[in-house]
Amino acid sequence: RELAEDQARAEEAERTRRELVAWVSHDLRTPLAGMRAMTEALEDGVAPDPERYHRQLRTEVDRLTGMVDDLFELSRINAGALQLVRERISLTDVVGDVMAAAAPLAAARGVRLAAEAAPGAGVGATIDADERELRRAITNLVGNAIRHTPHDGTVQVTASVSDGTAT
């Protein structure tokens, strides 16, 4: 029975790995194709607004860099090598900073952003967490929400703290 359970877990892990590789391949291929088209237009001198193309290329490079960083973090997590540095931080400040950074993407997609602190998570609400990793996780969640929210939709983030646990 244990052998069968181990085999089932191994098969599920392999299926998940294949699925992840397929998603990553798709998520990398799409911006790379756009970047290739923009660079060719710039090289051929047919870009109607070269400055805009350069800005868009920079945005896509930054996005791809973030994806590669996320993959690196995932490999560190899977290898058990992720070291968290916990410190006392303001949950509402982290959420506010993430929402401010996501505002240009949301505006470009016609999505509204809304953030609120639930009761108990006021301005002074602090938690023990690794700020960099918490910021990364919230940024990924908000970015995904923006990408999958229809034009004219709203991404609502509510932060709360209860018994020292952040939600």
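Basis for what follows: all heavy atoms, side chains included, without hydrogens, waters or symmetry-related copies.
Linking ILVMFWY residues whenever their side-chain heavy atoms come closer than 4.5 Å, directly or via other members, leaves Val61 and Val68 in distinct clusters. In the hydrophobic clustering of this structure, Ile77 does not group with Ile138; members are Ile, Leu, Val, Met, Phe, Trp, Tyr whose side-chain heavy atoms approach within less than 4.5 Å, directly or through other members. There is no path of hydrophobic side-chain contacts, each under 4.5 Å, that joins Leu141 to Met67.
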Under the side-chain contact (heavy atoms from CB on, under 4.5 Å) criterion, do Asp152 and Arg112 qualify, and how do the steps go?
CA-CA 7 Å; Asp152 234 8; Arg112 289 178 299 282; 3.3 Å; yes
Give the intermediate values and the outcome of side-chain contact (heavy atoms from CB on, under 4.5 Å) for residues Leu32 and Leu64.
CA-CA 9 Å; Leu32 286 171; Leu64 289 171; 3.8 Å; yes
When you look at Arg88 and Asp128, which way does the side-chain contact (heavy atoms from CB on, under 4.5 Å) test go after all the steps?
CA-CA 5 Å; Arg88 201 83 182 138; Asp128 288 321; 3.3 Å; yes
Could you check Arg147 against Val111 for side-chain contact (heavy atoms from CB on, under 4.5 Å), going step by step and ending with a plain yes or no?
CA-CA 9 Å; Arg147 278 190 285 286; Val111 173; over 6 Å; no
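With rounding to the nearest 0.5 angstrom, the CD atom of Glu116 is 5.0 Å from the CD atom of Gln156. In this structure, Leu113 CG and Ile146 CD1 are separated by 5.0 Å, a value rounded to the nearest 0.5 Å. For the atom pair CG (Asp130) and CD1 (Ile89), the distance works out to 8.0 Å, reported to the nearest 0.5 Å. Separating the CE atom in Met38 from the CG atom in Leu42 is a distance of 8.5 Å, to the nearest 0.5 Å. Rounding to the nearest 0.5 angstrom, the gap separating the CG atom in Leu3 from the CD atom in Gln7 is 7.0 Å. Atom CG of Asp6 sits about 10.5 Å away from atom CZ of Arg1, to the nearest 0.5 Å.
With salt bridges taken as basic N to acidic carboxylate O contacts below 4.0 Å, one links Glu19 and Arg15.
By the neighbour-count criterion of 12 heavy atoms within 6.0 Å, atom CZ of Arg36 is sparsely surrounded, having that number or fewer from other residues, nucleotides or ligands. Atom CZ of Arg9 has more than 12 neighbouring heavy atoms from other residues, nucleotides or ligands inside a 6.0 Å radius.
Cluster partners of Phe72: none. The rule joins Ile, Leu, Val, Met, Phe, Trp and Tyr whenever side-chain heavy atoms lie under 4.5 Å apart, and it links nothing here.
Scanning all heavy atoms of the two residues, the minimum distance from Arg76 to Gln83 falls at NH2-N, 3.8 Å. The two residues Ser160 and Leu91 come nearest to each other via the heavy atoms O-CD2, 3.6 Å. Between Ala114 and Met99, the shortest heavy-atom contact is O-CE, 3.4 Å.
Side-chain contact check for Leu105 versus Val142: every heavy-atom pair is 4.5 Å or farther apart. Using a 4.5 Å heavy-atom threshold, the side chains of Arg135 and Arg132 count as separate. Residues Asn140 and Arg136 have side chains in contact (heavy-atom distance under 4.5 Å, counting atoms from C-beta outward). Here the side chains of Val98 and Val157 are not in contact, with every heavy-atom distance at 4.5 Å or above.
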Throw together a table of side-chain donor-acceptor distances under 3.5 angstrom for residues 51-58, partners on residues two or more places apart or in other chains.
residue	atom	partner	partner atom	Å
His54	ND1	Pro50	O	2.9
Gln56	NE2	Glu60	OE2	3.0
Arg58	NE	Asp62	OD1	3.2
Arg58	NE	Asp62	OD2	3.3

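Remark: side-chain polar atoms of Arg109 are not paired, donor with acceptor, to backbone N or O of His151 under 3.5 angstrom.
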